[in-house]
Structures are given as C-alpha cells and as structure tokens.
Amino acid sequence: MDSVVSDAAHGVSPLVAEDEPLLPWQKDRTRAPVATKIVVAGGFGVGKTTLVSTVSEITPLETEALMTEASEEHDDLTATPDKVTTTVAMDFGRITLDDDLVLYVFGTPGQQRFWFMWDDLVRGAIGAVVLADTRRLKDCWPALDYFESCGLPYVVAVNHFDGSEEFEPEDVREALTIPAHIPVMIMDARRRISVIETLLSLVGHALDETPE
C-alpha cells in the first residue's frame with residue numbers, strides 16, 4: 001500500500017477520514033511518529049477518567065463499573081457524592097502532539113484493592129501525572145510514594161473542582177513536600193487545553209530527567 005488514502009481502494013478502511021488533513025508523518029513514511037506511554041494516577045474520584053476522555057483523539061477505552069457495597073467502608077464520597085462508577089482496570093486514550101509525537105495515556109484505578117495493576121500499567125512509561133484534589137491531598141500520597149520508589153519521572157497536577165478553594169502551586173508543593181525540580185500545576189481535567197499543557201510539562205520533565 002503506497003499511501004494512507006489508497007488503503008480504502010483495497011477494501012480497507014483508511015486510517016484517517018477523507019476530509020481530515022494528513023499530518024506530516026502520515027504523508028512521509030520516513031517520519032514515523034515517536035510513540036510514548038504515560039500514566040495518570042491519583043486517589044479515588046480525582047478525575048483520571050475525565051482527563052483521559054477529555055484529551056483523547058480516539059474514543060477512549062474506559063473500564064467503569066458501578067460501585068458496589070464492597071466500596072462503602074473504603075471510599076470517601078464526601079467530595080464526590082454523585083459518583084456512582086469507578087475504574088476497575090484502566091482508562092486508555094491517545095493524543096498526537098507536535099505533529100509526530102504520539103502519547104498513549106493510561107489511567108490507573110484509584111481504589112486501593114486495584115493497586116496491584118499499577119506495576120503492569122507503568123511498564124514502559126516515560127513518566128506519570130499525579131492528580132491531586134486540594135480537598136483531600138492525602139489521597140495522592142500513595143501515588144507519590146510509588147513513583148518516587150520506582151524512579152519514574154512525574155509531575156503533580158491539582159485538578160480544580162467547582163466550589164473548591166484555589167491554592168497556588170507552591171502552596172501545594174509545600175503541603176505535599178514535593179521536591180523543587182518536580183513541576184506542580186493547577187489544571188482542569190475537563191478542559192482539553194489545560195490537560196495538553198499538563199502532558200507537555202510531563203514530557204519536558206521526563207526528557208530532563210532521562211539520562212542521555
């Protein structure tokens with residue numbers, strides 16, 4: 001097959017819609033995109049699924065299940081009283097950045113009984129976004145400890161919820177004792193541009209942290 005467009009003539013669905021402009025790497029096969037994997041972690045109900053679905057250029061894979069009685073004694077719904085589902089495996093999405101950089105975004109489950117999956121989800125990742133909610137900062141401590149122990153570069157992104165008090169990034173850094181070289185930012189998981197800025201910050205930080 002000589003081109004992406006010609007695939008349709010052979011009975012194969014094209015990789016892009018006919019009216020969608022081709023990216024540079026799709027027109028030049030010598031410019032294969034650089035594919036990288038990142039993970040999004042944090043406490044229960046902090047916005048991981050929202051982040052992945054907001055930024056993904058494909059229909060995201062979500063493993064949401066209705067919450068059952070098994071979670072009643074473990075999950076604090078005070079800050080998210082309307083939450084009725086939870087991620088039981090992972091969320092997955094994809095976004096193309098800077099023409100030929102493709103990010104595969106994996107959201108981890110937040111409930112403690114599913115943490116055993118983290119080891120598999122982070123394998124091969126270049127870095128992680130740790131989502132935090134200022135109403136319950138302690139919920140992100142396990143993710144911070146995990147990435148510190150395994151040496152994976154990470155950034156901290158405070159997902160600002162409606163009605164929650166706003167804090168400066170340096171206030172959050174101090175409260176969580178985040179080292180000075182790790183980016184801390186305020187973002188909104190519902191806003192695509194806000195999520196993209198967070199992902200770009202992670203990619204830059206991961207490059208800085210990766211030995212040449």
Side-chain angles (χ1 to χ4, degrees), residues 16 20-28 31-43 46-62 87 90-108 110 118 121-134 137 140 143-144 146-148 150-161 164 166-173 176 178-212:
V16 295
E20 182 179 344
L22 295 178
L23 297 173
W25 63 265
Q26 291 171 317
K27 292 183 283 188
D28 182 356
R31 294 183 56 184
V34 176
T36 58
K37 174 183 179 181
I38 68 170
V39 294
V40 181
V46 77
K48 299 179 295 294
T49 299
T50 300
L51 183 152
V52 175
S53 62
T54 295
V55 80
S56 182
E57 63 195 13
I58 62 173
T59 301
L61 168 65
E62 299 177 357
T87 299
M90 67 174 184
D91 300 310
F92 171 74
R94 185 193 73 197
I95 178 172
T96 302
L97 297 175
D98 197 23
D99 286 344
D100 49 9
L101 173 62
V102 178
L103 294 185
Y104 294 100
V105 187
F106 290 79
T108 66
W118 285 21
L121 289 176
V122 303
R123 188 173 293 117
I126 66 165
V129 174
V130 176
L131 278 185
D133 180 349
T134 55
L137 281 178
C140 72
L144 294 174
Y146 180 87
F147 296 124
E148 283 285 355
C150 70
L152 189 69
Y154 68 90
V155 300
V156 176
V158 176
N159 187 18
H160 181 63
F161 288 82
S164 64
E166 293 190 44
F167 292 89
E168 294 297 323
E170 290 308 310
D171 294 330
V172 176
R173 183 188 302 279
L176 293 174
I178 303 296
H181 70 283
I182 294 176
V184 177
M185 63 210 72
I186 311 297
M187 54 88 71
D188 187 337
R190 300 166 299 181
R191 296 181 59 240
R192 182 177 173 83
I193 186 62
S194 182
V195 176
I196 289 176
E197 290 173 349
T198 299
L199 297 181
L200 287 173
S201 177
L202 171 61
V203 172
H205 177 61
L207 289 174
D208 291 339
E209 293 290 296
T210 302
E212 295 184 1

Donor-acceptor list for residues 180-192 side chains, cut-off 3.5 Å, not counting sequence neighbours:
unit_1: Asp188; atom_1: OD1; unit_2: Arg190; atom_2: N; d: 2.9
unit_1: Asp188; atom_1: OD1; unit_2: Arg190; atom_2: NE; d: 3.0
unit_1: Asp188; atom_1: OD2; unit_2: Arg190; atom_2: NH2; d: 3.0
unit_1: Arg190; atom_1: NH1; unit_2: Asp162; atom_2: OD2; d: 3.1
unit_1: Arg190; atom_1: NH2; unit_2: Asp162; atom_2: OD1; d: 3.2
unit_1: Arg192; atom_1: NH1; unit_2: Val55; atom_2: O; d: 2.7

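Nearest heavy-atom pair, Thr49 versus Asp91, reported as atom, atom and distance to 0.1 Å: OG1-OD2, 2.6 Å. Residues Thr198 and Ala157 come closest through the heavy atom pair CG2-CB, 3.9 Å. Val52 approaches Pro60 most closely through the heavy-atom pair CG1-CB, 4.4 Å. When all heavy atoms are compared, the tightest approach of Ala125 to Leu152 is O-CD1, 3.3 Å. The minimum heavy-atom distance linking Gly42 with Ala143 is given by the pair N-CB, 4.2 Å. Between Gly124 and Lys37 the shortest heavy-atom distance is O-CB, 4.0 Å.
Atoms CG and CG, from Leu176 and Leu137 in turn, are 5.0 Å apart once rounded to the nearest 0.5 Å. If you take NE2 on His160 and OG1 on Thr134, they are separated by 7.5 Å, rounding to the nearest 0.5 Å. To the nearest 0.5 Å, the span separating CG on Leu51 from OG on Ser56 amounts to 10.5 Å. Between Thr108 atom OG1 and Tyr146 atom OH the span is 9.5 Å, to the nearest 0.5 Å. Here the OG-CG distance, from Ser194 to Leu199, works out to 9.5 Å after rounding to the nearest 0.5 Å. Of the inter-residue distances, the one linking Leu103 atom CG with Leu97 atom CG reads 4.5 Å to the nearest 0.5 angstrom.
Among residues two or more places apart in sequence or in another chain, the ring pair (Phe, Tyr, Trp, His ring centres under 6.0 Å) test is passed with Phe147 by none. Glu57 is linked by a side-chain contact (heavy atoms from CB on, under 4.5 Å) to Arg94, Ile95, Thr96, counting only residues two or more places apart in sequence or in another chain.
Contact check for Leu144 versus Tyr154: side-chain heavy atoms found under the 4.5 Å cut-off. Asn159 has its side chain out of reach of Asp133: every pair of non-hydrogen atoms, C-beta onward, lies at least 4.5 Å apart. Side chains of Val40 and Leu131 form a contact here, defined as non-hydrogen atoms less than 4.5 Å apart.
Taking the six-membered ring for Trp and thresholds of 30 and 60 degrees, Phe106 and Phe92 have ring planes inclined between 30 and 60 degrees apart.
A side-chain donor-acceptor contact under 3.5 Å links Lys48 to the backbone of Gly43.
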